[in-house]
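What follows is a set of notes on a single structure, which appears directly below.
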There are 2 protein chains.
Amino acid sequence: MASLTEGSRRPIRLADIAKAAGVSHGTASNVFSRPEIVREEVRERVKAAAEALGYAGPDPKGRLLRAGKVNAIGVATTEPLSYFFDDPFARVMMAGISEACDATGAGIALVSAGNEEKLAWNIQSALVDGFILFCIEGGPRLVELTRERKLPFVALEFGSQDDTVSAISIDNVAGGRLAAHHLAVLGHRRFAVLSLAFADDSTGLVSPEQVRTAAYTGTRDRLLGYFEELSQFGVDTAKVPVYETENDKASTRAGLETIFASAEPPTAILAMSDRIAMVALEWLNARGITVPRDVSVVGFDGVPEAAICEPPLTTIAQPIAEIGRRAARRILDFDGTVRRETLDVELVVRASSGPPPSTG
Amino acid sequence: MASLTEGSRRPIRLADIAKAAGVSHGTASNVFSRPEIVREEVRERVKAAAEALGYAGPDPKGRLLRAGKVNAIGVATTEPLSYFFDDPFARVMMAGISEACDATGAGIALVSAGNEEKLAWNIQSALVDGFILFCIEGGPRLVELTRERKLPFVALEFGSQDDTVSAISIDNVAGGRLAAHHLAVLGHRRFAVLSLAFADDSTGLVSPEQVRTAAYTGTRDRLLGYFEELSQFGVDTAKVPVYETENDKASTRAGLETIFASAEPPTAILAMSDRIAMVALEWLNARGITVPRDVSVVGFDGVPEAAICEPPLTTIAQPIAEIGRRAARRILDFDGTVRRETLDVELVVRASSGPPPSTG
DNA sequence: CACCTTCCTTGGATCGATTCAAATTTTTGC
DNA sequence: GCAAAAATTTGAATCGATCCAAGGAAGGTG
């Protein structure tokens, strides 16, 4: 069966309906947008004309231009689009954003791109009223690109100190302390840290110098939290290996190899993400190292997967969905202000942490 | 001293730049859209003016209207927005869609709504060039709503026979046969089916009459496939209980209770979705029934979770991501035709199926 | 020097609606 | 039956760009 494509028929416009029904376009417009102010007889006539001509209803493109508001928010990242559907953290965040959008009837447009040029273009041309930025990687650049657009935006996971940027983040220092405190109280004294990035394109063991000059302050703060707390318990933090991963399997495993090659391997691992922690769980298990009997692992983030992995992961839970909800509301009810908001995290104790093996 | 906190808050338009730079708006436009045709000196002057006035670049709203194309595709469902991020099937599908969109630089807009009125409005007003419809539930209604919009659309998981609708689906009959054949060859002769919906708002044991008048032909076809194959092996399909679930925990468990209350409980369960199958796995395990020693289970869909559940699930894998990719391309390269496309499914054998217990 | 290209620039038309002050019609009140 | 009030309808202006036919200014040629 052939289709709707009849000849070179250009789409029907509101003006066509108006003419066909013998009314002005103002009235025709009212029939669709505020039918109650149009006399019934006229309304019916216009509707009949619309029906007869096969009018699809007012084109949102036209309305949009006039109204100025798109009623949609853009969620942007430098990762590929599939990141939104693959990454557990992103998924929970998106669920929170969705919820806030659902409540006000706003739409969500996903923005991303393979290379930076395309990303810039996609941000420039996205039909949205504002942006939520996932600054997992290349955060500052993403912020720069978005700023050009001169629309409201909120940065999430934004690891730098720029106070001209609206952001919602968590108390990373407190999170770090909670994790370290938990393990220290259990009796651990030999630690290793599997960290997120301190700077772009670096990986491997991290020097104090690198920590001091960290570009990603989120990473630095978590470490700071760990170390502050460990110091309280008399641990010499200078001796705690900090291995910078790329938050993926390969680099995390490399980190574990390095850490466990030591003469005095740790009894507790502080992982800066649940993803890293779960890779660690897997690696340890494959090595015949039992968690938590031989080694304890504490993650960070509180993604749903952490609750169902083997063993279930002790972690620092971020209010991920809440962050998403707040971010969406910040855009939806934008008041022109720039604010950095910090939410609290929570220690969730599960089965991956326990007392250290007794050094009998 | 033009600052951002100027008195009149009206955003800067291209025309303002043109005036400031002393050129026509046509030229100003060219500076941004086709800079190569503008003399360098002029180009620099215009750019400087833009910079000085704090121009954010051509507003996509204006461009859009003129261009007619949004360069984005809408993905719609009657489920809440979070469905896209929660449901494994949807996630893989979205990954496929994302991939195709990434490749052409198109955007994705998620469309959904709590109630039907809002959904209608959201579909009417979505800024997209076409729709991909997730017809998990309320498919016909969703199609109806979308048709009004007079834009290209493709229905996925569309369980009815309407030939005026473009759709991409799978060969449900073949899938059913593959599943049933696999179990029959292993030696099973006592079956039970946990099905998806045959019609709206029904649940419980299904009569042949209900099967004959099924609104959802996808469900019917899977069952048809099961039964055709089982008949070949001499199974009296009239005696195979078919329990209609709502593809959730509660109704699936109710189905299992019913089925296993029988004097001759099945040795094999044909589940019409992996979700149902995984609930079954859990239920059986809780009841001390070992899979596949006591009972075999075969799912349908091939979601990633099916590979990592306990035990890993034998299932009929749909090319989910491929469906998504094709759907997106159908919209992106729309040629005006209406086509129904059927893709093949594949049997993936894992640990949830084995020979029936020897009736010693 | 007149003429022809070539290369830029101009300004009106257009995309498809909404809005609003003014004009017109209908109701209401007496 | 008439004026004032209320209800509708009109049509021009606007939203913010892009497109394109036509006009103009350099530069090249015979």
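The shown structure was predicted, so the numbers you read here are calculated from the model rather than taken from an experiment. So you know, we letter chains A, B, ... as the sequences are listed, proteins then strands, and number each from 1.
Within 6.0 Å of CD on B:E36 lie more than 12 heavy atoms contributed by other residues, nucleotides or ligands. More than 12 heavy atoms of other shown residues, nucleotides or ligands fall within 6.0 angstrom of atom CD in B:E144.
Partners of B:E341 by side chain to side chain donor-acceptor pair (under 3.5 Å), not counting sequence neighbours, listed by chain and number: B:R326, B:R330. Residues that satisfy the side chain to side chain donor-acceptor pair (under 3.5 Å) test with A:Y83, not counting sequence neighbours, are absent from this structure.
B:L53 places its CG atom 16 Å from the C1' atom of D:dG16, with the value rounded to the nearest Å. The distance between atom OH of A:Y55 and atom P of C:dA17, rounded to the nearest whole Å, is 4 Å. Following rounding to the nearest Å, B:L127 (CG) and C:dA17 (P) show an atom-to-atom distance of 13 Å. Rounded to a whole Å, the CG atom of A:L14 is 17 Å from the P atom of C:dT14. Spacing between atom CZ of B:R43 and atom C1' of C:dC8 amounts to 12 Å, rounded to whole angstrom units. Rounded to whole angstrom, the span from the CZ atom of B:F32 across to the P atom of C:dT9 amounts to 14 Å. Counting to the nearest Å, the C1' atom of D:dG16 and the CG atom of B:L64 are 11 Å from each other. Note: CD (B:E40) to P (C:dC8) measures 11 Å, nearest angstrom.
Distances shorter than 4.0 Å separate some side-chain N or O of B:S29 from OP1 or OP2 on D:dT18.
The bend of the helix from C:dC1-D:dG30 to C:dC30-D:dG1, defined by the angle between the axes of its first five and last five pairs, stands at 40° to the nearest 10°.
The stretch residues 62-79 of chain B participates, sequence neighbours left out, in no salt bridge (charged side-chain N to carboxylate O under 4.0 Å, His left out) pair at all.
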Contact string for nucleotides 5-15 of chain D, one letter per nucleotide 5' to 3', B = base within protein heavy-atom range under 4.0 Å, S = sugar-phosphate only, - = neither, reads ---SSBBBBBB
What string of B, S and - do you get for nucleotides 21-28 of chain D, 5' to 3', when a contact is any protein heavy atom under 4.0 Å?
-> --------
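Here the side chain of B:D129 pairs a donor or acceptor atom with the backbone of B:A72 at under 3.5 angstrom. Using a distance-only test at 3.5 Å, with no hydrogens or angles considered, no donor-acceptor pair links the side chain of B:R91 to the main chain of A:S82. In this structure a side-chain-to-backbone donor-acceptor pair under 3.5 Å is present from A:T217 to A:G159.
Closest approach of A:A113 to A:N122, counting heavy atoms only: CB-ND2, 3.6 Å.
Separating the CG atom in A:L81 from the SG atom in B:C101 is a distance of 7.0 Å, to the nearest 0.5 Å.
A salt bridge links A:E322 to A:R325: at least one charged side-chain nitrogen sits closer than 4.0 Å to a carboxylate oxygen.
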